[in-house]
Student: 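Structure below; questions to follow.
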Amino acid sequence: MQRIRIWSFSTLLKSKNLKSNTHTMASKPSIPKGTRDFSPIEVAKRQYIIQIIKSNFEKFGFQPIETPSFENSETLMGKYGEEGDRLIFKILNSGDYLAKANETHLENKDSTKLTASISEKALRYDLTVPFARYVVQHQNDIEFPFKRYQIQPVWRADRPQKGRFREFFQCDADVVGSKSLWQEVELVQLYDTVFTALGLAGVTIKINNRKILSGIAEVIGASDKLIDFTVALDKLDKIGEDGVKKEMMEKGISDEAILKVQPLFNFTGTISEKINQLSVLLADSQEGMKGVEELRFICDNVTELGLSTAILDLDVTLARGLNYYTGAIFEVAPPKSVSMGSIGGGGRYDDLTGIFGLKNMSGVGISFGLDRIYLVVEELNLFPETVTATSKALFINYGEAGAFYAMKAIKELRNSNIKVELYPDNTKVAKQFQHADKRGIPFAVIVGEQEMASNTFLLKNLVTGEQLSLDFESLKQSLLES
């Protein structure tokens, strides 16, 4: 006889939910490539770096501003060169974004032209172009020269790799409204001051000048290929001499021109010697010689003033492939013991605000790459032991009366900027001590009936096991000094 099993509605429902939950659990949550979550200790370390950068920005007279995470596409597009434009994250128009799409572009699958009609906004690629937009938009409220700093995230649709992310922070300092080369001298000093404060001795601040690159393109007969020439040259450290030459040829730069530029691949000597070599190479270029004199002014004054731990070096292959630089350009390399890309960069731009309608507004600025700086400081084990995201002490919870007694002390300790907390639940003491251990909290404060009766606190060092019975002022002093 065949047995028939009767399933209740609730049993069927549980079975269905179980299958559904199993399916859901199989799909693990994730984040997009090139982005990261940060743990409490990682955030604490990042804040340590940011605070050093921020305090020195302000010491040098820079004021903070902030701009939106996304801008109108027309604000960003065409400002970073062909390669930069491809790396800008576009935001689809809300609602039915295909409603306004150009039918011809859609039918031909012309994504480049189609993008303009379905995406009117984009995530910012850097902080400099939005800053230029800000200056033009608020020009009547700004006192020039205007020194601003900005510490915010930016986004690039780049291929993720070590030290290269799609979402990362930039820490920028710019001056607009002054053509004085003393600004460049100060920015070199700012780099030196910040990296010295971080303990990063031996960083190399590379300097060049776009006028020199323009002059070289002129003397080799490739002025019409200036952008292609500089973009290729800027990749020397990534693809090597042969790779640069191959790219130049592919961009239509003649063999004769490439032969004339050969000396750049083996440019050696002191800064002064390199500047003298450039004077000879660029003797027939008025633009090039102007760049040489600007470099000479900056380098001579930086040398005379001196640097604490950084090294200034003239790198004639440094091009920084951004179209808006017109004068000095900078790039910072980490100490030679660390294999990492640049940890900072910037330069002079004489006409950036001109593209937004404000002419004759020269500017110069530098940027600190927070994420790469973090990796370098971490690799060299330079974070102080005091950099922590955890509390100094955990008050053990023995019940309602003890918790209230503890909370009065906790309030006063926090008023003295001491990070302390109460374990919220009246549970097993062993579990509370285990919680402190896992959190890396160095001290526990025990408040039992005896402590409340004598108006004291038992401070236990969770590393050494030492215990001290203290009044409140002694407790506060001990925590401040530890």
Student: Do Glu481 and Gln477 have side-chain atoms, one donor and one acceptor, less than 3.5 Å apart?
Tutor: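 A pair is found: one side chain offers a donor N or O, the other an acceptor, under 3.5 Å apart.
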Student: Parallel, tilted or perpendicular, judged at 30° and 60°: which one describes the rings of Tyr149 and Phe57?
Tutor: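 Rings of Tyr149 and Phe57: tilted, as their planes differ by 30° to 60°.
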Student: Are Tyr405 and Phe457 close enough that their ring centers fall under 6.0 Å?
Tutor: yes
Student: Tell me, please, which residues at least two apart from Glu294 pass salt bridge (charged side-chain N to carboxylate O under 4.0 Å, His left out).
Tutor: Lys211
Student: CZ of Phe195 to CG of Asn56: how many Å apart, nearest 0.5 Å?
Tutor: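 Atom-to-atom, Phe195:CZ and Asn56:CG are 11.0 Å apart.
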Student: Apply the test salt bridge (charged side-chain N to carboxylate O under 4.0 Å, His left out) to residues Glu412 and Lys476: give CA-CA distance (whole Å), side-chain angles for both, the deciding distance (0.1 Å), then the verdict.
Tutor: CA-CA 9 Å; Glu412 292 299 319; Lys476 183 171 77 171; over 6 Å; no
Student: Any cation-pi pair here, Arg46 with Phe38, using under 6.0 Å and within 45°?
Tutor: yes
Student: When rounded to the nearest 0.5 angstrom, what distance separates CG in Asp172 from CD1 in Ile151?
Tutor: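 Going from the CG atom of Asp172 to the CD1 atom of Ile151 covers 9.0 Å.
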Student: Any carboxylate oxygen within less than 4.0 angstrom of a Lys/Arg side-chain nitrogen, looking at Lys274 and Asp313?
Tutor: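 Judged by the 4.0 Å cut-off on N to carboxylate O distance, Lys274 and Asp313 do form a salt bridge.
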Student: Apply ring-ring contact (aromatic ring centres under 6.0 Å, His included) to residues Tyr374 and Phe383 and explain how you reach the verdict.
Tutor: CA-CA 9 Å; Tyr374 179 104; Phe383 282 111; 5.4 Å; yes
Student: Out of curiosity, Glu186 CD to Thr193 OG1, how far, rounded to the nearest 0.5 Å?
Tutor: 9.5 Å
Student: If you round to the nearest 0.5 Å, how far is CD of Glu273 from CG of Leu314?
Tutor: 11.5 Å
Student: Measuring from atom CD1 of Ile373 to atom CG of Leu200, what distance do you get when rounded to the nearest 0.5 angstrom?
Tutor: 7.5 Å
Student: Cut-off 3.5 Å, side chains only: do Ser454 and Thr456 have a donor facing an acceptor?
Tutor: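 There is such a pair between these side chains.
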Student: For the residue pair Tyr423 and His435, categorise the inter-ring angle as parallel (less than 30°), tilted (30 to 60°) or perpendicular (more than 60°).
Tutor: perpendicular
Student: Check for me whether the distance between the ring centres of Phe297 and Trp182 falls short of 6.0 Å.
Tutor: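 Ring-ring flag for Phe297/Trp182: true, centres closer than 6.0 Å.
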Student: Evaluate the criterion side chain to side chain donor-acceptor pair (under 3.5 Å) for residue pair Glu449 and Tyr398; output intermediate values, then yes/no.
Tutor: CA-CA 9 Å; Glu449 290 182 5; Tyr398 283 94; over 6 Å; no
Student: Could you measure the distance from the CD atom of Gln170 to the CD atom of Gln152? Nearest 0.5 Å is fine.
Tutor: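 These two atoms lie 10.5 Å from each other.
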Student: Listed by chain and number, what are the salt bridge (charged side-chain N to carboxylate O under 4.0 Å, His left out) partners of Asp192, not counting sequence neighbours?
Tutor: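 Asp192 satisfies salt bridge (charged side-chain N to carboxylate O under 4.0 Å, His left out) with no other residue.
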